[in-house]
There are 2 protein chains.
Amino acid sequence: MAREKNYVSEAVMRRMPKYYRYLTDMESNGIERISSKELSQRMGLTASQIRQDFNCFGGFGQQGYGYNVSELRQEIHNILGLTNDNNFIVIGAGNLGQALANYTGFEKEGFTVKALFDINPRLIGLSIRGIPVYDIDELETHIARNQVHMVAICTPKEKAQEIADKVIGCGIKAIWNFAAIDIATPPDVIVENVHLSDSLYTLSFRMNDL
Amino acid sequence: MAREKNYVSEAVMRRMPKYYRYLTDMESNGIERISSKELSQRMGLTASQIRQDFNCFGGFGQQGYGYNVSELRQEIHNILGLTNDNNFIVIGAGNLGQALANYTGFEKEGFTVKALFDINPRLIGLSIRGIPVYDIDELETHIARNQVHMVAICTPKEKAQEIADKVIGCGIKAIWNFAAIDIATPPDVIVENVHLSDSLYTLSFRMNDL
DNA sequence: TAGATTGTTAATCGATTAACAATC
DNA sequence: TAGATTGTTAATCGATTAACAATC
């Protein structure tokens, strides 16, 4: 069925990577077909919700059969935009920035860290897994001369907005923000936040209920 | 008003750390009082929602006045359980585990990394910012002999469930999971996930809409 | 074919927003 | 007091679940 992308709610969108994870896992375990019911049991969702979710993008299943795991995985692969190669740069070459650069897991889905940037002279000139650390002053030139699809911000929160403004000025449309602050952006720029302290406080909050 | 903790929805709970962030920021900028309306403008929520959220925990405001920033911040501090000291250990001393150990930002809210654990002999015996890296074989003994409130799992996904089972066996009730897998736990054990790849794929998904 | 399971519509549930009386 | 703003109830909206006809 044709892939028609209507409005997709935040809730549905957030479940897509999870489907992708489970389907990738099942495929590598040689599972060929799955019903919404069985998938619901594995994932802790309802079968109804799963069918509703997939039908936001068109029907991928077959009555009486269920879903072909490889096919469905491929569809979600496409939906998530993992067919594209995405270069990203990491701003802030501290521990977290270096951890992102060192992590190779994203590469097999086409996400490649091309460079890091920092203000610290002791970091500038280093190379992390072959990825160079440049002076932050070279940021704009670098973006202008290279294909950069995304920027990860791993600076202290005090610098995050300033950095964001700068890269947005360079035409960047997608920011992966690790700084503990909400970044203000124009409507055509996407920010995906990873607020580690929010996550930790949530864990702490729930510990109180035990 | 008395602090009565009824059922708090996931949605409300997820907003609490954000309130805490904004209130901390406002307090340090010397702002003394705030109305739900003004807070809503700063945070991009509705005033109604903010009042509903706070009233899950009892009323913290005053008609005609609004909310006292310091007081409200303190209330949320308590709600999040940040009055308690929480020791945690990090399992998996790779880049991400080391980044967590190196990050000092959690400490001022009472979260202290006490030890790291790994299987890699080249890492065992090291010390990260004074925090020792132990052999994973010492995990159970360490937990038995020390106060450990939380465990962060930063291992490859293949090892995560096994590690989780082990620490749950030692009585740990709170897991901060960074491995790209959903961990199965008994109902009295809390898992807070930080799935970086899910987050990245979400960003990629939304880039397709631009 | 009969059984299974989808795609999709309808019903329910929960979260957000609006409204307003209470009150500082 | 009059004005402002909360706490709270009622209305709306959206997301989840249930149901079932379509069909493989």
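Labels below follow one simple rule: chain letters A, B, ... track the order of the sequence lines, proteins then strands, and each chain is numbered from 1. These numbers come from the heavy atoms of this one structure, side chains and all, not from hydrogens, waters or symmetry mates.
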Taking atom NZ of B/K114 as the centre, does the number of heavy atoms from other residues, nucleotides or ligands within less than 6.0 Å exceed 12?
->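 No, not enclosed.
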Count the heavy atoms belonging to other residues, nucleotides or ligands that lie under 6.0 Å from NZ of B/K166, then report whether that count exceeds 12.
->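 Yes, the 6.0 Å shell around NZ holds more than 12 heavy atoms from other groups.
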Ring-face cation contact, B/Y65 with B/R33, 6.0 Å cut, 45° max |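 B/R33 over B/Y65 ring: yes.
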OP1 or OP2 of [N] under 4.0 Å from side-chain N/O of [X]:
| X | N | answer |
| --- | --- | --- |
| A/Y67 | C/dG7 | yes |
| A/R15 | D/dA15 | no |
| B/R33 | D/dT6 | no |

Could you check which residues of residues 42-54 of chain B get a heavy atom under 4.0 Å from DNA chain C? Sort them by number, please.
->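 Nucleic-acid contacts, sorted: B/T46, B/S48, B/Q49, B/R51, B/Q52.
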How many whole angstroms separate atom [atom1] of [X] from atom [atom2] of [N]?
| X | N | atom1 | atom2 | answer |
| --- | --- | --- | --- | --- |
| A/L72 | C/dT6 | CG | C1' | 13 Å |
| B/Q62 | C/dA22 | CD | C1' | 13 Å |
| B/E38 | D/dA4 | CD | C1' | 14 Å |
| B/N55 | C/dA15 | CG | C1' | 15 Å |
| A/F60 | C/dT8 | CZ | C1' | 15 Å |
| B/K37 | D/dG7 | NZ | P | 17 Å |
| B/M13 | C/dT16 | CE | P | 13 Å |

Map every base of DNA chain D to its dot-bracket character, where paired means a Watson-Crick or G-U wobble contact with both distances under 3.5 Å and | marks a partner outside the strand.
-> ..||||||||||||||||||||||
Taking the side chain from [X] and the backbone from [Y], do they hold a donor-acceptor pair closer than 3.5 Å?
| X | Y | result |
| --- | --- | --- |
| A/D198 | A/T202 | no |
| B/D118 | B/N120 | yes |
| B/R206 | A/V191 | yes |

Name the orientation class of the two ring planes belonging to B/F106 and B/F88 (parallel below 30°, tilted from 30 to 60°, perpendicular beyond 60°).
->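 Geometry flag for B/F88 against B/F106: tilted rings.
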Parallel, tilted or perpendicular: rings of B/Y134 and B/F117 (30°, 60°) |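 Judged by the thresholds at 30° and 60°, the geometry between B/F117 and B/Y134 is tilted.
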Which one, C/dA15, D/dC24, D/dT5, comes nearest to the side chain of A/Q63?
->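 It is D/dC24.
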Enumerate the residue pairs fulfilling ring-ring contact (aromatic ring centres under 6.0 Å, His included) with a member in residues 25-54 of chain A, sequence neighbours excluded, ordered by first and then second residue.
->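 Matches after skipping sequence neighbours: A/Y19-A/F54, A/F54-A/Y67.
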